[in-house]
Asker: 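Could you have a look at this structure, given as structure tokens, before my questions?
Quantities reported herein were computed from a predicted structural model and do not represent experimental measurements. Proteins get letters first, then strands, A, B, ... in listed order; numbering begins at 1 in each.
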There are 2 protein chains.
Amino acid sequence: MRLTRPISTAQQVYEWLHGCVLRGDLPPGARLSESEIAQQVGLSRQPVREAFIRLAADGLAEVLPQRGTYIGRISTSAILSARLIREAVEADLARMVARARPDLSALQAQIEAQDHAHAAGDVPAFIQADDLFHRAMAEAAGHPAVWSDLERLKAQMNRLRHMAMRHFDRAETIAQHRAILAALLAGDADAAEAATRAHLRQMLTELPQIAAAYPEYFTT
Amino acid sequence: MRLTRPISTAQQVYEWLHGCVLRGDLPPGARLSESEIAQQVGLSRQPVREAFIRLAADGLAEVLPQRGTYIGRISTSAILSARLIREAVEADLARMVARARPDLSALQAQIEAQDHAHAAGDVPAFIQADDLFHRAMAEAAGHPAVWSDLERLKAQMNRLRHMAMRHFDRAETIAQHRAILAALLAGDADAAEAATRAHLRQMLTELPQIAAAYPEYFTT
DNA sequence: TACGGCATACTTCCATACAAGTCAAGGCGC
DNA sequence: GCGCCTTGACTTGTATGGAAGTATGCCGTA
């Protein structure tokens, strides 16, 4: 029995497209074609088609029978729902961490990484460090799986974040992370929850501006 | 342009299998076969295969290349993560509803429906009413989309619930719903949150017993 | 009896062909 | 010029055949 299974080509196509959508390389509303992509990657339509199906299952694409496949637009209401879920979950996680007071060096490390990325203008590194900060908090709370359970919701928010990086200076984001970490280190559950909620509510002010700047990328 | 698109056969196969898995009709660990299912429903392997891919994307099945497709076992850690997320989210929703004090007749109606289903021993109706109660709370909070965003997590919990229905009397569940509704009607946010969290923590005591009763259906 | 090697029947994966529906452009009639 | 219809080039959906890999049972051998 093999332990490391060979990755199927359909899987590779899926991962490639998935990354393109999240990075904004394939913008919302873009039209896809099974045969066109198949020709690009030198495969038949079938594996590409299966990648499309998985993208649609992720809520990142929409397959219209006999009409075409399109990259899904960003639903502002879906973003607001996802944000609400994240706020509720991370608020609870913050309380747990503040009470348990585990080792938090991982969070400190991600803040520093984010500082460097911000200074260097390295957008992918900044986003990765941001992700890892929140993931580290879930791990510190003893529930690492929670973070991956929210993968589907984060995908939508990641697309938004790539756009936001072009319009907002993220120095404030780092300051908010520092505030969260300070409250966690102090073991102050109330302050940690408040700082976390305030951080995630930042999106409420940014979302309308991004949606106004790229109206063709959004739906209600 | 058609507004009501005809449902593809692959979609129908997916929905059928999805229902079978959630109802426990296809138990965890069960082996599936593209050709076997295709023969049963009178189709070729392709639509069945695509249904398998979607099931795997939902975390309900596992496709092992050249080896077979199996209904996923229920991960106790995944259930605990999903439960934690639901508790955090519904606690926040309960606070919102308690503060906004909207019309709550929908919640009352679902409690009564659940009462009838419990008395009649109608398991599917009971589960449906349970779902609708929580969904109604999300709607009352003004965020109906939140409930559907958690669909993927609820799928795992629904499988568990079908097993739990055979081992636990659900009268207590209804009483907990009544307690939540009473707190909401009183506009007491703290009490509503506490009642909601207590209700969802019920699973923490039931899960180990179910997992012990059906060890072959669970993994860590 | 115990064990190793092989044949065989499975599985999923990919390629190809065809079917059915959609959309747009162009020609025709008015 | 304007409107309607037809035609054709697309799209995704389904069926089928073969390729590659896996597991299993059987048989021969020690």
Asker: Can you tell me if B/Gln12 has over 12 outside heavy atoms packed within less than 6.0 Å of its CD?
Answerer: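 Count over threshold, so yes.
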
Asker: Taking atom C1' of D/dA19 as reference, at what distance in whole Å does atom CD of A/Gln46 sit?
Answerer: 15 Å

Asker: Heavy atom of residues 25-37 of chain A under 4.0 Å from DNA chain D: which residues?
Answerer: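 Those residues whose heavy atoms fall under 4.0 Å from DNA chain D, taken from residues 25-37 of chain A in numerical order, are A/Arg31, A/Leu32, A/Ser33, A/Glu34, A/Ser35.
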
Asker: Separation of A/Glu50 atom CD from C/dA15 atom P, in whole Å?
Answerer: 10 Å

Asker: Starting from C1' on C/dC18, measure out to CD on A/Gln66 and report it in whole angstrom.
Answerer: 13 Å

Asker: In this structure, how many angstroms lie between the P atom of D/dA19 and the CZ atom of B/Arg45, rounded?
Answerer: 14 Å

Asker: Specify the separation, in whole Å, of atom CG of A/Leu55 and atom C1' of D/dT12.
Answerer: 15 Å

Asker: Separation of A/Gln11 atom CD from C/dC13 atom C1', in whole Å?
Answerer: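 About 13 Å, once rounded to whole Å.
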
Asker: For a side-chain contact (heavy atoms from CB on, under 4.5 Å) check, start with the C-alpha distance between A/Leu107 and A/Val97, then their side-chain angles and the critical distance, and finish with the verdict.
Answerer: CA-CA 12 Å; A/Leu107 280 81; A/Val97 174; over 6 Å; no

Asker: Compute the centroid of each ring, for B/His167 and then for B/Tyr214, and state whether the two points are separated by less than 6.0 Å.
Answerer: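 Yes, they do, as the ring centres are separated by less than 6.0 Å.
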
Asker: Closest approach to the side chain of B/Pro65, judged atom by atom: which nucleotide of C/dC13, D/dT14, C/dC14 is it?
Answerer: C/dC13

Asker: Can you spot which of B/Arg166, B/Arg83, B/Arg170 makes a salt bridge (Lys or Arg N to Asp or Glu O under 4.0 Å) with B/Glu206?
Answerer: B/Arg170

Asker: Starting from P on D/dA15, measure out to CZ on B/Arg49 and report it in whole angstrom.
Answerer: 15 Å

Asker: May I ask you to verify if any side-chain N or O of B/Ser8 is less than 4.0 angstrom from the OP1 or OP2 atom of D/dT12?
Answerer: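 For D/dT12, OP1/OP2 do not have a side-chain N/O of B/Ser8 under 4.0 Å.
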
Asker: When you compare the side chain of A/Arg73 with that of A/Glu62, does any pair of heavy atoms fall below 4.5 Å?
Answerer: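 The answer is no, as the side chains (C-beta and beyond) never meet within the 4.5 Å cut-off.
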
Asker: Quick one: CG on A/Leu60 to CZ on A/Arg159, what's the gap to the nearest 0.5 Å?
Answerer: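 Rounded to the nearest 0.5 Å, the CG-CZ separation comes out at 5.5 Å.
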
Asker: Provide, to the nearest angstrom, the distance between the CZ atom belonging to A/Arg67 and the P atom belonging to C/dC23.
Answerer: 4 Å

Asker: Measuring from the side chain of B/Thr69 (C-beta onward, heavy atoms only), which nucleotide among D/dT12, D/dA15, C/dT12 has the closest atom?
Answerer: C/dT12

Asker: Could you go step by step and tell me if B/Gln176 and B/Thr196 meet the side-chain contact (heavy atoms from CB on, under 4.5 Å) rule?
Answerer: CA-CA 8 Å; B/Gln176 290 168 347; B/Thr196 301; over 6 Å; no

